[in-house]
Amino acid sequence: MRTGNEEVCRVLETIADLLEVLGGDDARKAAAYRRAARSVRALDEDVADLHEAGRLTEIPGVGGALARKIGELVETGRLAYHERLAAEVPPGVLDLLRLPGVGPRTAGLLWRRLGVEDLEALEEAARSGSLKKLPGFGPKKEAAVLEGLAALRRRSGRILLGEARPVALALADLVSAVPGVTAVSPAGGVRRWCETVESIEIVAGVEEPEGPRGPAAGSGPGDARGPDAAGRAGGPDRFVAAHVAGALRDLPDVAEVLEVARDRVRANLRSGAGVDVRLVPARLYAGALRHFTGSREHNESLQKRAASMGLELGPEGVLEKGGRSRPARSEEEFYSELGLAYIPPELREGRGEVEAAAEGRLPRLVELSDIRGDLHVHTDWSDGHLSLEGLVEAARARGYEYVVVSDHSRSLAVTGGLDEERLLAQKDAIEEVNRRLAEEGQAEKDGAGPFRLLAGVEVDILPDGRLDLPDGVLAEMDVVTASVHTALRQPGERMTERLVGAAENEHVDVIGHPTGRLIGRREPSALDLEGLFEVCARTGTLLEINASPERLDLKDTDARLAKEMGCRFTVSTDAHHARALGDMVYGVATARRAWLEPGDIANTRSLADLRRLLR
DNA sequence: GCCGTTTTCGGCCCGACTGTTTTCAGTCG
């Protein structure tokens, strides 16, 4: 299997970390590795294809030496230089970097001066007081380390949806190729689009065995019966396998598929997450998929509902009456038998959806196809990798009618943020692109409506609450998103004032990634969210649901509360390269989990309607 | 380690915050 772009990025970044942990070397060398990793991540082409074509050095930040190393990685799946460096540092030292406030230099210091080789040793050092004696350390850092360790423990074992979902889909693909498999789907948290999941679950339906041979029953935990016992105990009504690996091994052609699946999981998941593949007789597929999709709370609600109707929910997820099972042919049929409207997976959390389905007041959830444009995208005018023209091409390929160019403002110097002058120059450039698009459109007389770039900006909300650009300039822009990027740890009162102040500014249309969280890595800012929602509902300022799977900010439950308080939303990707425009699915899923309908979301509107709303 | 040229080496997207210092190093965005 060829080494993918993401794997190359990870190795380059690890090398950068190792170089800095080891110290001594020029820090700029590490920076060069990081820069190359960023470039590779922004690529739309396969790095392996570029290598074959001898075009690796066309990647910004990749010269001769890095091209050779990437080539070695792509061809052999390993990199000797990486392995040499890794051998010099205990593997647990890199884990220290997962703590906020601990960078590679600190990790190196902890290791060399205190002999700290992993997170446990660091905790020991903090508790024993030896940490404080290190130069540059004091009581506050000691407390921060302990808090960081506690936070890490709280979320250990969970994987980001953005990481889990692609792997789940690839696994489902593999399983679907197994002879006899009639249907496959991810289940569990992945199917509900939970922001993080504990494990990846796949449910597959298999043609039922003829006679005593064929797919054997499973023997994993949860189903200790052997094949014969299963046959006698319940025959076709029982799971082929409640725990999957066992049954998979027994099916013809499956061992090989499983091996590939394991490889794929190993290559793509940073943490050792559990993967469950569940094979069930084809006729029980719908019931099993339903059973393994809903949260415990959702399934308990269904159980109660069934009981109130004199029905029982059997262990296979089918309804039973008087011991007679009635397997549903589809999930729709299952819910219908309970007198319920079909409940989409994203709502199956036990948050009132069963009651709503019974009363016919489930929302008409927003869908990806409702989205007509992306309102938050970066270009190479600041820290994005897309040119204006490249953005147009990528957005049209997704069927969008418009996209808002919203680069950073000047105070975010690291991103090359735009000052007043450059922002207005960019606006001219955007108008030029639009003029050309209009001419082309007329020349081609194509049926598709005209595509438009809109001129926007992601203006920074400064630590003192002021905006990073004067009102006069903001008034010139089509869409103004205001976001916090610095001093995210101010006290809640101060943070709330900053955001409320921005929401009250008449030129601000959207509050970008309102809480500033990075899932699993950075806690949301201390913030009076309800206070902010009140102001947004009153002023009509839109709240962003940032679709990046690392943010999903606002998150589902917060967005649902905001909707109840009368707020409207945008769902946007914050993309910095073309591929990230595809993150829209995660934003839409989060909006669905928040019970949002198309009317709640500004970028489901036509351009004319959007302009009316913003005015 | 890259890049651009000054064609063979010197500069490399910047600035603020934090906790620790009393002049700064590291982290972060």
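Order of the sequence lines sets the chain letters (A, B, ...), proteins ahead of strands, with each chain counted from 1.
Contact check, A:Arg28 against B:dC12: no side-chain N or O comes under 4.0 Å of OP1 or OP2.
When only modelled atom types and interatomic distance are considered, A:Asn505 and A:Asp471 share a side-chain donor-acceptor pair under 3.5 Å.
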Short N/O separations, protein against nucleotides 15-17 of chain B, under 3.5 angstrom:
none

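Atom-to-atom distance recorded for A:Thr557:OG1 and A:Lys555:NZ is 4.0 Å, nearest 0.5 angstrom. Summarising the geometry, atom NE2 belonging to A:His376 is positioned 6.5 Å from atom CG belonging to A:Asn546; distances are rounded to the nearest 0.5 Å. Here the straight-line distance linking atom CD of A:Glu195 with atom CG of A:Leu160 works out to 8.5 Å at 0.5 Å rounding.
Taking the C1' atom of each, B:dC2 and B:dT7 are spaced 16 Å apart, rounded to whole Å. B:dC17 sits 24 Å from B:dC12 when the C1' atoms are compared, rounded to a whole Å. A distance of about 26 Å separates the P atoms of B:dG1 and B:dT6, rounded to the whole Å. Taking the C1' atoms as reference points, B:dT20 lies 11 Å from B:dG26, given to the whole Å. Nucleotides B:dT5 and B:dG11 are separated by 12 Å at their C1' atoms, to the nearest Å. B:dA16 and B:dT21: their P atoms are spaced 24 Å apart (whole Å). Between B:dT8 and B:dC13, the distance separating the two C1' atoms is 25 Å to the nearest Å.
Of the candidate nucleotides B:dG1, B:dC12, B:dT20, B:dT20 has the atom nearest to the side chain of A:Lys141. The side chain of A:Arg35 approaches B:dC3 more closely than any other nucleotide in the set B:dT20, B:dC3, B:dG1. With distances taken from any side-chain atom of A:Pro100 to the nucleotides B:dC28, B:dT20, B:dC2, the minimum falls on B:dC28. Side-chain proximity of A:Val414 to the nucleotides B:dC14, B:dG1, B:dT20 is greatest for B:dC14.
Using a 4.0 Å cut-off between charged nitrogen and carboxylate oxygen, A:Arg34 and A:Glu20 count as a salt-bridge pair. Taking 4.0 Å as the cut-off between side-chain N and carboxylate O, A:Arg538 and A:Glu504 count as a salt-bridged pair.
Across all strands shown, B:dT8 remains unpaired; no Watson-Crick or G-U wobble contact has both distances below 3.5 Å.
For the pair A:Tyr33 OH and B:dG1 C1', the computed distance is 7 Å after rounding to whole Å. Rounded to a whole Å, the CG atom of A:Leu488 is 18 Å from the P atom of B:dT27. Between A:Asp383 atom CG and B:dC28 atom P there is a gap of 18 Å when expressed in whole angstrom units. The nearest whole Å value for the distance from the CG atom in A:Leu418 to the C1' atom in B:dC14 is 15 Å. Between the CG atom of A:Leu134 and the P atom of B:dT21 there is a distance of 11 Å, rounded to whole Å. To the nearest angstrom, C1' of B:dG26 lies 19 Å from CH2 of A:Trp111.
Here A:Lys69 lies in heavy-atom contact (under 4.0 Å) with sugar-phosphate atoms only. Backbone-only engagement by A:Leu66 is indicated by non-hydrogen atom pairs under 4.0 Å involving sugar-phosphate atoms exclusively. A:Arg38 comes within contact range of at least one nucleobase, with a heavy-atom separation under 4.0 Å. Contacts of A:Gly416 with the nucleic acid, taken as non-hydrogen atoms under 4.0 Å apart, are absent.
The nearest heavy atom of DNA chain B to A:Glu20 and to A:Lys132 marks one nucleotide each, and the one closer to the 5' end goes with A:Lys132. Nearer the 5' end of DNA chain B, as judged by each residue's closest nucleotide, is the contact made by A:Gly136, out of A:Gly136 and A:Val102.
Identified under the salt bridge (Lys or Arg N to Asp or Glu O under 4.0 Å) test for residues 380-395 of chain A, with sequence neighbours left out: A:Glu389-A:Arg436.
Ring pair A:His408/A:His378: centre-to-centre distance below 6.0 Å.
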Could you go through A:Glu458 and A:Ser483, starting from their C-alpha distance and side-chain angles, then the distance that decides it, and tell me whether this counts as side-chain hydrogen bond (donor to acceptor under 3.5 Å, both in side chains)? CA-CA 7 Å; A:Glu458 183 180 19; A:Ser483 312; 2.8 Å; yes
